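Chain letters run A, B, ... following the sequence lines, proteins first and then strands; every chain starts at 1. What you see is a predicted model, and the numbers here were worked out from it, not measured in a lab.
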Protein chains: 2
Amino acid sequence: MIRMSKLADYGVVIMATMARERQPLDATVNARDLSEKAHIPLPTVGKILKALCRGGLLVSHRGPRGGYALARLASEITVLDIISILDGPVGLTDCTVAPLGACEMEATCPVRSPWHMINRRVLDALRGLTLHEMIDSTNILDKRP
Amino acid sequence: MIRMSKLADYGVVIMATMARERQPLDATVNARDLSEKAHIPLPTVGKILKALCRGGLLVSHRGPRGGYALARLASEITVLDIISILDGPVGLTDCTVAPLGACEMEATCPVRSPWHMINRRVLDALRGLTLHEMIDSTNILDKRP
DNA sequence: TTATATAGAACAAATTCAGTCCTATTGCTG
DNA sequence: CAGCAATAGGACTGAATTTGTTCTATATAA
């Protein structure tokens, strides 16, 4: 159904929530607080935060008063970054993600190249939106046609 | 993973194959031939053809020498049409498809409106490609940046 | 009347996903 | 230094979705 996983959906919400707190880059938020703010169960939040950390979007700090913080500015994190980490490579069809030669129909497939074009547009749409734009309530995104 | 179902993927291939035959609108192709041309198992092709027929994209003809034909010109059938019929409403997140008020976070959700914008772009990309453009090997789609 | 082809529903198997839990590790703090 | 707080990473289970098949009924051409 061309739907992304709930994990990725949650991930975007969590990242947006962190960014919206407008904390300095080095200020950390722990999983428990995020769970409450985003209304997502704590174990799930933890799982997502760990993945985002491994993916390089967050930095973590262990121990008491530990937590997570954005690894870079909200304006330099895109929706595509988040989804790719949590869901793997984004692609509408297998053949847009699989390595060249993986599909035996490749040479004669009537839809291969059109799919690549559509896929590129989808990627652009996801890459074109940063966390910063997402939380900036004064942005003009919604007014665009 | 933001991937559409195989059924929808097959559906697009099948429709493109039918359109590529460049047969007149009333000429029918049966499921068996399509199965061979598209390299998809016959039962699966049958299932997809039935669904596309119910969805109004194909017309069927029973009995010996029966089969299926496009219900309208290839230039008037979009990729979005095909996917919607086989996979249901297209939407990256549940909240872009669910009726208003279905999500309790709706009022305060930090990502709701950005998602709607991204979703609109994805829909546009899918709606912007017709079956005719897809099979027209001389089209300029691939050359676009 | 018979063979061919689709209609539609029901079904079984397989894959994927969501969510939880457990143990290890790190680092603050008294 | 001892104990607590917090993340790291993996394993595991249950559920939901998806895939692909099969079976019976119906229509139609020869």
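- Phosphate contact (OP1/OP2 of dA8(D), side-chain N/O of Tyr68(A), threshold under 4.0 Å): present.
- Distance Met4(A) CE to dC17(C) C1': 15 Å, rounded to the nearest Å.
- When each of Leu7(A) and Gly66(B) is assigned the nucleotide of DNA chain C with its nearest heavy atom, Gly66(B) is the one assigned upstream, toward the 5' end.
- Between His61(A) and dC28(C), a side-chain N or O to OP1/OP2 separation shorter than 4.0 Å is present.
- When heavy atoms are screened at a 4.0 angstrom cut-off, Gly46(A) is found touching no nucleic acid atom at all.
- There is no side-chain donor-acceptor pair under 3.5 Å between Thr93(A) and Asp9(B).
- With Arg127(A) contributing its side chain and Val79(A) its backbone, the two residues share no donor-acceptor pair below 3.5 Å.
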(request) Would you please test Arg72(B) and Asp81(B) for salt bridge (Lys or Arg N to Asp or Glu O under 4.0 Å) and show each step? (result) CA-CA 12 Å; Arg72(B) 45 183 202 263; Asp81(B) 292 331; 3.3 Å; yes
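- Residue Leu49(B) is classed as having no contact, given no heavy-atom separation below 4.0 Å to the nucleic acid.
- Between its opening and closing five pairs, the helix from dT1(C)-dA30(D) to dG30(C)-dC1(D) changes axis direction by 10°, a value rounded to 10 degrees.
- Between Arg54(A) and dG9(D) there is a side-chain polar atom (N or O) within less than 4.0 angstrom of OP1 or OP2.
- With rounding to whole Å, Arg65(A) atom CZ is found 17 Å from dT26(C) atom C1'.
- The CZ-P distance, from Arg62(A) to dT29(C), rounds to 17 Å in whole Å.
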query = Can Leu126(B) and Ile2(A) be said to form a side chain to side chain contact (heavy atoms under 4.5 Å, CB included), step by step?
reply = CA-CA 11 Å; Leu126(B) 295 175; Ile2(A) 309 200; 4.1 Å; yes
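- In this structure a side-chain-to-backbone donor-acceptor pair under 3.5 Å is missing from Ser35(B) to Ala31(B).
- Distances shorter than 4.0 Å separate some side-chain N or O of Thr44(A) from OP1 or OP2 on dT20(C).
- Neither OP1 nor OP2 of dT16(C) sits under 4.0 Å from any side-chain N or O of Ser5(A).
- Panel note: side chain Glu36(A), backbone Asp33(A); no donor-acceptor pair is recorded below 3.5 Å.
- Two residues, Asp87(B) and Lys50(B), neighbour DNA chain D, and the one matched to the more 5' nucleotide by heavy-atom proximity is Asp87(B).
- Asn119(B) places a side-chain N or O within 3.5 Å of a backbone atom of Leu92(B) that can act as its donor or acceptor partner.
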